[in-house]
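One structure is given here, and the rest of the page talks about it.
FYI, the numbering just counts along the sequence from 1.
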Amino acid sequence: MAYKILVIDDDAQLLKMLKRYFEIKNYEIITAKNGAEGLSKMKLQPDIILLDVNMPRIDGIEVCRRIRDKTSCPILFLTARVEEQDIVNGLSSGGDDYILKPFSLKELDARITAHLKREMRHSSRTECRFQDEFSIDYKAKTVQLHEYYLELTRLEYEIIEFLSMNPGMVFDKERIYEKVCGFDAEGDSRVITELVRRIRKKFKQYTETEYIETVWGMGYRWIK
């Protein structure tokens, strides 16, 4: 069965180009020319979403916020914006990755393939991790402290999962970015720094225990 890609963008030429390219690659392509139409087509249950940030009326960030609780599929932002806060806003709204316009179709194809492969790995994972008052269900993608479930964005969860499955090992920010975004490219360390800060803030609501340690000049590690 072909994977379904939902592309939401107000650029008609780009929609046409992406549809033609990925249909040759044997994907099923669903297109939407604005945010409202994209929201209506979520009922078709896409496997991955390509989402333009800068659209009139309902922009990509707002679309992402509205659908994130209704789908677990990867969301990749297509954006011409390069400011740090724009990137942070996109990822913290529930996006999984971003690619800057203009982009290479081969690079976009590689990112899509990597995210879909990662989804397949997650769907087959059944193990849990228990550590003091802390537990992670890798299949359900939930993190629990005491009796409370943490409200995490997708990327916040991915960082916790990656580090907790490799306890005691130090990973630099670029390596973490590569792993959680599923693409072998130079990571954006500013994004990882912000996401780790958010994770720690959420942990502190329920515990004083430090689970993610900063190894200065090197990166981060999960404390055993």
Inset, instruction - Check for a donor-acceptor pair, side chain of Glu37 on one end and backbone N or O of Lys33 on the other, with a separation under 3.5 Å. - result: yes
Inset, instruction - Report whether Val191 and Leu100 are members of the same hydrophobic cluster (ILVMFWY, side-chain heavy atoms less than 4.5 Å apart, transitive linking). - result: yes
Legend entry - Sub-4.5 Å side-chain heavy-atom contact between Phe22 and Val7: no
Legend entry - Lys16, NZ atom: more than 12 neighbouring heavy atoms under 6.0 Å: no
Legend entry - Any side-chain heavy-atom pair of Asn166 and Trp222 under 4.5 Å: no
Legend entry - Shared hydrophobic cluster for Met165 and Ile160 (ILVMFWY, side-chain gaps under 4.5 Å): yes
Inset, instruction - Mind checking the CG-CG spacing from Leu50 to Leu18? Nearest 0.5 Å is all I need. - result: 6.5 Å
Legend entry - Sub-4.5 Å side-chain heavy-atom contact between Leu152 and Lys141: no
Inset, instruction - Could you tell me the separation between the CD1 atom of Ile58 and the SG atom of Cys64, rounded to the nearest 0.5 Å? - result: 13.5 Å
Legend entry - same_hphob_cluster(Ile159, Ile223) at 4.5 Å side-chain heavy-atom cutoff: no
Inset, instruction - Apply the side chain to side chain contact (heavy atoms under 4.5 Å, CB included) test between Ile49 and each candidate in Ile5, Leu76, Ile75; give the one that qualifies. - result: Ile75
Legend entry - side-chain contact (heavy atoms from CB on, under 4.5 Å) between Tyr27 and Ile112, worked out: CA-CA 11 Å; Tyr27 289 98; Ile112 288 171; 3.9 Å; yes
Inset, instruction - Please report the shortest heavy-atom distance between Tyr138 and Ile136, naming the atom on each side. - result: CE2-CG2, 3.5 Å
Inset, instruction - Indicate the atoms forming the closest heavy-atom contact of Asp47 with Pro74, along with that distance. - result: O-CD, 3.3 Å
Inset, instruction - Report the distance from atom CG of Asp59 to atom CG of Asn54, rounding to the nearest 0.5 Å. - result: 7.5 Å
Inset, instruction - State whether the side chain of Thr207 and the backbone N or O of Phe203 hold a donor-acceptor pair below 3.5 Å, judged by distance alone. - result: no
Inset, instruction - Might you confirm whether atom CD of Glu147 has over 12 heavy atoms from other residues, nucleotides or ligands at distances under 6.0 Å? - result: yes
Legend entry - Single-linkage hydrophobic cluster, 4.5 Å side-chain cutoff, Ile212 and Met169 together: yes
Legend entry - Flag, side chain of Asp137 to backbone of Ala140, donor-acceptor distance under 3.5 Å: yes
Legend entry - Residue pair Val170 / Tyr220, side-chain heavy-atom distance below 4.5 Å: no
Inset, instruction - Report, as yes or no, whether the 6.0 Å neighbourhood of atom CZ on Arg197 holds more than 12 heavy atoms from other residues, nucleotides or ligands. - result: yes
Legend entry - Atom OH of Tyr149 with >12 non-hydrogen neighbours under 6.0 angstrom: no
Legend entry - Gap between atom CG of Leu108 and atom CD1 of Ile99 - 0.5 Å precision: 5.0 Å
Legend entry - Heavy-atom check, side chain of Leu44 versus side chain of Leu6, under 4.5 Å: no
Inset, instruction - Treat each ILVMFWY residue as a node, draw an edge where side-chain heavy atoms are under 4.5 Å apart, and state whether Leu105 and Tyr3 are in one component. - result: yes
Inset, instruction - May I ask you to decide if Arg68's main-chain N or O and Thr71's side chain share a donor-acceptor pair within less than 3.5 Å? - result: no
Inset, instruction - Report yes if the side chains of Thr214 and Arg200 come closer than 4.5 Å at any heavy-atom pair, otherwise no. - result: yes
Inset, instruction - Check each of Lys25, Arg20, Lys19 against Glu23 using the side chain to side chain donor-acceptor pair (under 3.5 Å) test, and report the only one that passes. - result: Lys19
Legend entry - Side-chain H-bond candidate by donor/acceptor type, Asp172 with Tyr177, under 3.5 Å: no
Inset, instruction - On the 0 to 90° scale, with breaks at 30° and 60°, tag the Tyr211-Phe134 ring pair as parallel, tilted or perpendicular. - result: tilted
Legend entry - Lys204 with Glu210: basic N within carboxylate O range, under 4.0 Å: yes
Legend entry - Heavy-atom neighbours of Met17 CE exceed 12 at 6.0 Å: yes
Legend entry - Ion pair Glu28/Lys4, N-O distance below 4.0 Å: no
Inset, instruction - Find the distance between CZ (Phe77) and CD1 (Ile61) and round it off to the nearest 0.5 Å. - result: 4.0 Å
Legend entry - Leu78 and Asp9, any side-chain heavy atoms less than 4.5 Å apart: yes
Inset, instruction - May I ask you to decide if His146's main-chain N or O and Gln144's side chain share a donor-acceptor pair within less than 3.5 Å? - result: yes
Legend entry - Atom of Lys41, atom of Ala32 and distance for their closest heavy-atom approach: CD-CB, 4.4 Å
Legend entry - From CD (Gln205) to NZ (Lys202), nearest 0.5 Å: 8.0 Å
Legend entry - pair Leu150-Glu156: side-chain heavy atoms closer than 4.5 Å: no
